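Please read these numbers as outputs of a predicted model, since none were measured by experiment.
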Amino acid sequence: MSKYMLIMRGTDETNSAMMANLDEMMATTRQFIEDMMKADVLVAAEGLDDPRQGVVVDFGGEAPVVTDGPYGETRELFGGYFLLDVATKQEAVEWARRVPAVRGSKIEVRRVAEADEVPQGGESNGQV
């Protein structure tokens, strides 16, 4: 089994559309979570607060610069995630296809690296 993260990505427009039907979206999402729990694949699920409440720490210069949200140059916002423990990438993709999402949003599917895949000390194998 491998862990995969289904990363919910939206825009201001998709976030507005979701908020317009919030009760329906929450009910559908609760059912989706129950389905994942019954299938014994759900490890964790979290949604994030309004991006205007966050900050960005930018390491582009000599010293980190902290900027309050919203993130003016960001076209897609990370809105939350589902962490699944599944047998294959394809299974993770099939769950991602079932995520209750509004038109225009995206779900990014990424495998979570195992501890033995993270470079130790000064070694680098191209994976993080």
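- In the hydrophobic clustering of ILVMFWY residues, with side-chain heavy atoms under 4.5 Å counting as a link, Ile33 and Val86 come out together.
- Scanning both residues, Ala92 and Leu6, for their nearest heavy atoms gives O-CD2, 3.8 Å.
- Residue Arg110 holds its CZ atom at 11.0 Å from NZ of Lys89, rounded to the nearest 0.5 Å.
- Note: the hydrophobic cluster containing Met1 does not contain Leu84 (ILVMFWY, side chain heavy atoms under 4.5 Å, direct or indirect links).
- Put simply, Val102 and Leu77 are part of two different groups of oily side chains (I, L, V, M, F, W, Y) that touch within less than 4.5 Å, one to the next.
- Shown here are the side chain to side chain donor-acceptor pair (under 3.5 Å) partners of Gln31, two or more places apart in sequence or in another chain: Asp35.
- Inter-residue side-chain proximity for Met8 and Met18 is flagged as unmet; no heavy-atom pair is nearer than 4.5 Å.
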Lys106 and Glu108: CA distance, side-chain angles, deciding distance, salt bridge (Lys or Arg N to Asp or Glu O under 4.0 Å) verdict = CA-CA 6 Å; Lys106 296 178 181 180; Glu108 180 179 346; over 6 Å; no

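- With a 4.5 Å cut-off on side-chain heavy atoms, Trp95 and Tyr4 do not count as touching.
- Atom CD1 of residue Ile107 and atom CZ of residue Arg97 lie 12.5 Å apart, to the nearest 0.5 angstrom.
- Taking every heavy atom of both residues into account, Gly10 and Ser105 meet most closely at CA-CB, 4.4 Å.
- Summarising the geometry of Leu42 relative to Ala45, their closest heavy-atom pair is CD1-CB, 4.2 Å, with the distance given to 0.1 Å.
- A side-chain N or O of Thr11 and one of Glu13 form a donor-acceptor pair less than 3.5 Å apart.
- In terms of heavy atoms, Glu117 sits closest to Val112 at OE1-O, 4.5 Å.
- Cluster annotation: Leu83 and Phe78 are assigned to the same hydrophobic cluster (Ile/Leu/Val/Met/Phe/Trp/Tyr, side-chain heavy-atom contacts under 4.5 Å, transitive).
- By the 4.5 Å heavy-atom criterion applied to side chains, Val41 and Asp85 are not counted as neighbours.
- For Glu91 (side chain) and Ala87 (main-chain N/O), a donor-acceptor pair under 3.5 Å exists by modelled atom type.
- With values rounded to the nearest 0.5 angstrom, Gln90 atom CD is found 5.0 Å from Glu94 atom CD.
- In terms of hydrophobic clustering, with Ile, Leu, Val, Met, Phe, Trp and Tyr side chains grouped at heavy-atom distances under 4.5 Å, Val43 and Met37 are assigned to different clusters.
- Taking all atoms of both residues into account, the shortest heavy-atom contact from Thr14 to Arg103 is CG2-O, 3.5 Å.
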